[in-house]
Amino acid sequence: MGFIMDKKNRFFSGLVCRECGRKYPPAAIHVCEYDFGPLEVAYDYGRIAKAVSREKLAARPESMWRFRELLPVAGDPTVGAQVGYTPLVKCNRLARALGLKTLYVKNDTVNYPTLSFKDRVVSVALSRAREMGFHVVACASTGNLANSVAANAAAAGLKSYVLIPADLEAGKVLGSLIFGTNVVAITGAYDQVNRLCSEIANKYGWGFVNVNLRPYYAEGSKSMGFEIVEQLGWEYPDNVVVPVASGSLLTKIHKSFQELVKVGLMKEPRAPAKIHGAQATGCSPISTAFKEGKDFYRPVQHPKTIAKSLAIGTPADGYYAIQVVNQTKGECEDASDEEIIEGIRLLASTEGIFSETAGGVTVACAKKLVQSGKIGKHESVVLCITGHGLKTQEAVAGKCGQPRIIGPKLGEFEKIYEEDFGKS
Ligand SMILES: *Cc1c(COP(=O)(O)O)cnc(C)c1O
Ligand SMILES: [Zn+2]
């Protein structure tokens, strides 16, 4: 695939190496040829500042695309026009349970169309893939990305391949198959799936959303941060707790907060929002490195956790995620399988939100951060809840009790009633 330039492209000029600052055209490339640094989208913030205002944004439809000037698509988005603008839920009952005063959940369990935050990154990557002329799109995935690529590719009429570890939850596998995509399950961990995808991307020239299209894909995560600030009435929270797999979402939420200042939508805050990373103990390269005071993580060879969506042993953006946590005076925590299940149940029973295992990780880690005093009881907190619980039913099946089965007789129901409420 050669370099393809867009003439219409108004707000981003190309790609830039995060390490050496070398500039590249906005093509399907993701690493610097000189130092292998990751490439990022370069924007013309001056021009964007002139194009946006809070009033203009407020008049636009409620989707992630109301921040379109800060997303790397040259023309109008053609994939996922309705994605995003999920509810920011004020959670008073969960707040009380955690010992906090002000708590919100950014509820991406109801993101359109596949019930996870991945619909944000995929709508950007596939809109951009179409602009660049790709006919086959693909991904390496821990489950949710595969679901989203499969669904959005189907709706866009693109051919798709999704590659996943063979041991994923049934709901995540079916949640891709249903869209008629090509599901390829690899016997191995996610890192091996990812390495294979790099080889396929080089050989066949497909648009891999998180390989050669990664610079565009990753930008989609910023929309979660933009929305949080707008939905708080144009205020930054004191704390955000973010689940970490490759580390991309965490770094991009930070970038989104900074960009709002660059384009004049927010004033520079006195102190930056603290960004906290949440991992599963069974695959915690980033929280382990952070707790040991290291800048670099040690890869995890054999992830062992029910939070399969977060089980990436060699996180591509791990180094930058640790930097962001340090820069913002955040923390990293991790949660055991038992704590994850408890977290899922706590969120469900206090707020009526059924999250997948990653949500359990986020709730459990937030609880630990409050208990250890690392998040102050009077500070505001936003939890990023990133995927729906119906996709990871195995995690909680048999751990929430069983229905009591009776015949269709009032007498039988009354026995249950008496058990529950005592004899009157
Ligand atoms: C992919 C994913 C994340 C975070 O992914 P990053 O690679 O760190 O951006 C968080 N939660 C869920 C449910 C996911 O599927
Ligand atoms: Zn470079």
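Whatever order the structure lists ligands and atoms in, that order sets their numbers, starting from 1.
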- Polar contact flag, side-chain donor to acceptor under 3.5 angstrom, Asn144-Lys391: yes
Assess the side chains of Asp119 and Ser148: does a donor N or O sit below 3.5 Å from an acceptor N or O?
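Note: Asp119 and Ser148 side chains meet the donor-acceptor criterion.
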| message | Students often mix this up, so state it plainly: with edges at 30° and 60°, are the rings of Phe296 and Tyr319 parallel, tilted or perpendicular? | response | parallel
Q) In terms of the angle between their ring planes, are Tyr216 and Phe12 parallel, tilted or perpendicular, with boundaries placed at 30° and 60°? A) perpendicular
Problem - Whether Glu40 side chain and Pro215 backbone form a donor-acceptor pair below 3.5 Å - result: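 Not confirmed, Glu40 side chain does not pair with Pro215 backbone.
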ask   = Once rounded to 10 degrees, what value does the angle at the Zn ion (ligand 2) take between SG (Cys32) and SG (Cys17)?
value =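 Vertex the Zn ion (ligand 2), arms to SG of Cys32 and SG of Cys17: 110°.
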Cys20 SG to Asp35 OD1 via the Zn ion (ligand 2), rounded to 10°, gives 140°
Dump the pairs for me: ligand 1 N or O, protein N or O, distance under 3.5 Å, to 0.1 Å.
| unit_1 | atom_1 | unit_2 | atom_2 | d |
| --- | --- | --- | --- | --- |
| ligand 1 | 7 (O) | Ser246 | N | 2.8 |
| ligand 1 | 7 (O) | Ser246 | OG | 2.6 |
| ligand 1 | 8 (O) | Ala245 | N | 2.9 |
| ligand 1 | 8 (O) | Ser246 | N | 3.1 |
| ligand 1 | 8 (O) | Gly247 | N | 2.9 |
| ligand 1 | 9 (O) | Leu249 | N | 2.8 |
| ligand 1 | 11 (N) | Thr386 | OG1 | 2.6 |
| ligand 1 | 15 (O) | Lys118 | NZ | 2.8 |
| ligand 1 | 15 (O) | Asn144 | ND2 | 2.9 |

Quiz prompt | Full working for side chain to side chain donor-acceptor pair (under 3.5 Å) between Thr86 and Asn107 | solution = CA-CA 6 Å; Thr86 55; Asn107 187 5; over 6 Å; no
Taking only distance into account, with no hydrogens and no angle test, what donor-acceptor pairs under 3.5 Å do side-chain atoms of residues 234-244 form with protein atoms, sequence neighbours excluded?
| unit_1 | atom_1 | unit_2 | atom_2 | d |
| --- | --- | --- | --- | --- |
| Tyr236 | OH | Phe257 | O | 2.6 |
| Asp238 | OD2 | Ser380 | N | 2.8 |
| Asp238 | OD2 | Ser380 | OG | 3.4 |
| Asn239 | OD1 | His276 | NE2 | 2.8 |
| Asn239 | ND2 | Glu379 | OE1 | 2.9 |
| Asn239 | ND2 | Ser380 | O | 3.1 |

